2 protein chains.
Amino acid sequence: MVRPTIADIATRAGVSKGAVSFALNGRPGVSDATRERILKIAEQMSWRPHSAARALGASRVDSVGMVIARPARTLGVEPFFAHLLSGVQSGLSAESISLQLLIVEDTAAEIEVYRRWASEHRVDGVILVDLTVKDPRVDELKALELPAVVIGGRGGKGALASVWADDRDAMLSIVEYLAALGHRRIAHVAGTPIFQHTQRRIRALRDAAPRLGLLDAPSLTTDFSDAEGAAITRKLLSQSDRPTAIVYDSDVMAVAGLGVAMEMGVSVPGDLSIVAFDDSILTQLMHPALTALSRDTFDFGRQAAEVLLETIADPATVINRRTSDPVLTVRESTAPPA
Amino acid sequence: MVRPTIADIATRAGVSKGAVSFALNGRPGVSDATRERILKIAEQMSWRPHSAARALGASRVDSVGMVIARPARTLGVEPFFAHLLSGVQSGLSAESISLQLLIVEDTAAEIEVYRRWASEHRVDGVILVDLTVKDPRVDELKALELPAVVIGGRGGKGALASVWADDRDAMLSIVEYLAALGHRRIAHVAGTPIFQHTQRRIRALRDAAPRLGLLDAPSLTTDFSDAEGAAITRKLLSQSDRPTAIVYDSDVMAVAGLGVAMEMGVSVPGDLSIVAFDDSILTQLMHPALTALSRDTFDFGRQAAEVLLETIADPATVINRRTSDPVLTVRESTAPPA
DNA sequence: TGGAATTGATAAACCGGTATAGCTCCCGAA
DNA sequence: TTCGGGAGCTATACCGGTTTATCAATTCCA
């Protein structure tokens, strides 16, 4: 049995194609009785719209895209993307819009993908992650007139729509907690400085340091890898006036740091408190389990999808939506300093 | 500047739409000179095919789909999917075919997605993962006449195309290594028995046990979660004749098991050897680092993409391709028994 | 040298929907 | 009685490609 088209339905119902189209899309132009009849026949023949045909007439393809520009090996360890994806999809599924996912090596390749998608009409809009300082993707997407929403980090004035969490507040909640425990030497093992969120976290710590009476609060940047996380930790713990607490920008680095501490005979949380700026099953698998900042990543994705759909519907208004604040989940890796 | 269509190119070149189509698709019907001229103009106008229009005429959409039916929280910890995805994409990108990814809760939802995709012509084919015993998806896909390739596990006779690694050999390489070290009490913390690969691993161990002179080689099934992995480990290590080596079906469970061992004062690898049936950064972050079975997941995905494209091109011939064998990466968690 | 085969191109149909102009019928108001 | 207008529907153009039937001009071969 071949797939039925609206022409088949029209024949069966004894009406024109146009009438069927009106009925199926709930637009005026047919009587309620006829509409009812057509819908019933469509149901019986299990008709489904042909996505390409629909995309050709109207100019929407009911599909959005997401490109992640990271080498594959650093992906995946983080549940972040899996949760984000699920969230995005739950936001899209309501409208039965599909998602195209692409993992590429770098930003240049990512921009290439946007160009292709735009010119081939493959997506109605895209979701951006990992916004960097002076991100070239923003201008490119504006030039392509491709609706987009940025996850994490306001785009700035006249920029793209966005969904963001307050990194500044998040960092404050961590260091204020550590300061309240009595820590005065806090180090921050940060990610790459090209990411806007890294910058915001670094600035937040620097600004808060004097107020909290911190003696020392260095932020050391890395490439987010476990290797660099471990190396920096080794350096920090070798200093004569070593920190009593370290904040890591990712859970993987925090775990690597914990390993270094154990290897150097530094007890956690006795001699050193550890906080991860991102939560996952990883932090819970450790002994001691790591205190971590938990974000509702699923909801993050869901809201991004919603904002994107609104942006596609009305490209003129730029939405900047702030999501729920992350909360600090205290586990076993933090305690007052010795 | 609006996007150019082949009609625009035709006008500029002073030929018909048909001629342009022939030229752009490298089919006979135009002279080399004309073809050259048309291609140059298309290049100048930076023409790209409108994917929907192409999909409507021909019956291919240059897009394949992949549905992962797992609750989001158990996803993502494993680099497995990230690597697999990258591999699939590298296999697809050569033909510039795009990938639709969907994460759903269960198999029922997954089948729903296949039905929708098939009826809406959204994909040319799909890639299946996590094949279960008597998997309902196989029959469904055959009924929908949707080309598909199964990753991991031959589909059996008259079934779908597949790309698979030899789980049996892999399990053997692990237990033979452990037996050679002198272990005679080996336990296997397996995944869910509904997965075919779980079954194959269990059987491989059971069959090999007598030959290797193993005193005891129980396989205990779990739901792949860290919680159950930990619980089973606790039980195993509490026995009077506890195993001297444990093989875990996933890296997450192996890490959880390592945590339990440390918590119970069982030294690894002194009193207990641990092997993970899957490698990732997780196993390397641990102290001791875990001995694990490494598979070339990227290549796995790449080959799956290739096989799928061949299946789409010629649905009649069913390909069953065996990939490279996994290798055992020995690290610090295995040693001769005390 | 004449008819057949080949080459290079065109015009038009087609894919499955959406959008729109227009037609018919009926009701109500001037 | 006529005209206006809306409801309900049809016919048709259109979206941007692919494909097929057709045709003229040229080449080939007996």
Side-chain angles (χ1 to χ4, degrees), chain A residues 1-39 41-42 45-63 96 116-124, chain B residues 1-39 41-42 45-63 96 116-124:
Chain A
M1 187 191 76
V2 293
R3 236 168 292 294
T5 70
I6 56 166
D8 299 328
I9 298 178
T11 311
R12 268 269 267 278
V15 294
S16 70
K17 274 173 58 183
V20 175
S21 180
F22 290 146
L24 292 170
N25 292 296
R27 348 169 81 263
V30 287
S31 68
D32 286 351
T34 313
R35 179 187 308 276
E36 195 90 358
R37 193 159 48 87
I38 291 174
L39 286 177
I41 293 175
M45 303 178 80
S46 67
W47 173 89
R48 291 298 191 86
H50 190 299
S51 58
R54 193 166 254 181
L56 193 52
S59 319
R60 73 206 143 86
V61 281
D62 287 346
S63 174
S96 83
R116 211 187 67 221
W117 276 352
S119 58
E120 295 181 2
H121 282 96
R122 273 196 182 274
V123 296
D124 294 323
Chain B
M1 188 190 76
V2 293
R3 237 167 290 294
T5 71
I6 55 165
D8 298 328
I9 298 178
T11 311
R12 268 269 268 274
V15 295
S16 71
K17 273 173 60 182
V20 175
S21 180
F22 291 145
L24 293 171
N25 291 297
R27 343 168 85 262
V30 286
S31 66
D32 286 352
T34 314
R35 180 188 307 278
E36 195 90 358
R37 192 158 50 86
I38 292 174
L39 286 178
I41 293 175
M45 302 177 81
S46 65
W47 173 89
R48 290 298 193 85
H50 189 299
S51 58
R54 190 166 255 179
L56 191 53
S59 315
R60 71 206 146 85
V61 282
D62 287 346
S63 173
S96 82
R116 212 186 65 221
W117 277 352
S119 59
E120 295 182 1
H121 283 94
R122 272 195 182 272
V123 296
D124 294 323

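Owing to the predicted nature of the structure, the values given are computational and were not obtained by experimental measurement. Proteins get letters first, then strands, A, B, ... in listed order; numbering begins at 1 in each.
Distance check: L56(A) CG to S51(A) OG gives 11.0 Å after rounding to the nearest 0.5 Å.
Under 3.5 Å, the side chain of K17(A) and the base of dG16(C) form no donor-acceptor pair of N or O atoms.
OP1 and OP2 of dG17(D) both lie 4.0 Å or more from every side-chain N or O belonging to S21(B). Regarding contacts with the backbone of dC15(D), every side-chain N or O of T5(B) stays at 4.0 angstrom or more from both OP1 and OP2. Between R27(A) and dA19(C) there is a side-chain N or O to OP1 or OP2 distance below 4.0 Å. In this structure, T34(A) does not reach the dG8(D) phosphate: none of its side-chain N or O atoms is under 4.0 Å from OP1 or OP2. Remark: R54(A) is not in phosphate contact with dG16(C), judged by side-chain N or O atoms under 4.0 Å from OP1 or OP2.
Put simply, CZ on F22(A) is 20 Å from P on dG16(C), counting in whole angstrom units. Here the P atom of nucleotide dG17(D) and the CE atom of M45(B) are 11 Å apart, to the nearest Å. Nucleotide dG17(D) holds its P atom 16 Å from the NE2 atom of H50(A), rounded to whole Å. In this structure, the CD atom of E36(B) is 13 Å from the P atom of dA9(C), given to the nearest Å. One can place CG of D62(B) at 18 Å from P of dG16(D), the figure rounded to the nearest angstrom. In this structure, CZ of R48(A) is placed 16 Å from C1' of dG17(C), rounded to the nearest angstrom. What separates CG of N25(B) from P of dT18(D) is a distance of 4 Å, to the nearest Å. If you measure from atom CG of L56(A) to atom P of dG16(D), you get 7 Å, rounded to the nearest angstrom.
Nearest approach of V61(A) to R122(A), heavy atoms of both residues: CG2-O, 3.5 Å. A pairwise comparison of heavy atoms in D8(A) and R3(A) identifies OD2-O, 4.1 Å as the closest pair.
With hydrogens and angles ignored, the 3.5 Å screen pairs a side-chain donor or acceptor of R37(B) with a backbone N or O of A13(B). Distance alone, capped at 3.5 Å, is enough to place a donor-acceptor pair between the R35(B) side chain and the R27(B) backbone.
Partner I9(A) forms a side-chain contact (heavy atoms from CB on, under 4.5 Å) with one of V15(A), L39(A), V20(A) and no other, that one being V20(A).
Nucleic acid contact for V20(B): none, since no nucleic acid atom lies under 4.0 Å from a heavy atom of the residue. In this structure, R35(B) reaches neither bases nor backbone, as no heavy-atom distance under 4.0 Å exists between it and the strands shown.
When each of G18(B) and A52(B) is assigned the nucleotide of DNA chain D bearing its nearest heavy atom, the one mapping closer to the 5' terminus is A52(B). Along DNA chain C, the nucleotide nearest to G29(B) and the one nearest to H121(B) differ in position, and the one closer to the 5' end is contacted by G29(B).
In this structure, of dT18(D), dA13(D), dG17(D), it is dG17(D) that holds the atom nearest to the side chain of W47(B). Closest to the side chain of S16(A), out of dT18(D), dT18(C), dT10(D), is dT10(D). Of the candidate nucleotides dT18(D), dC9(D), dG16(C), dC9(D) has the atom lying nearest to any side-chain atom of S31(A).
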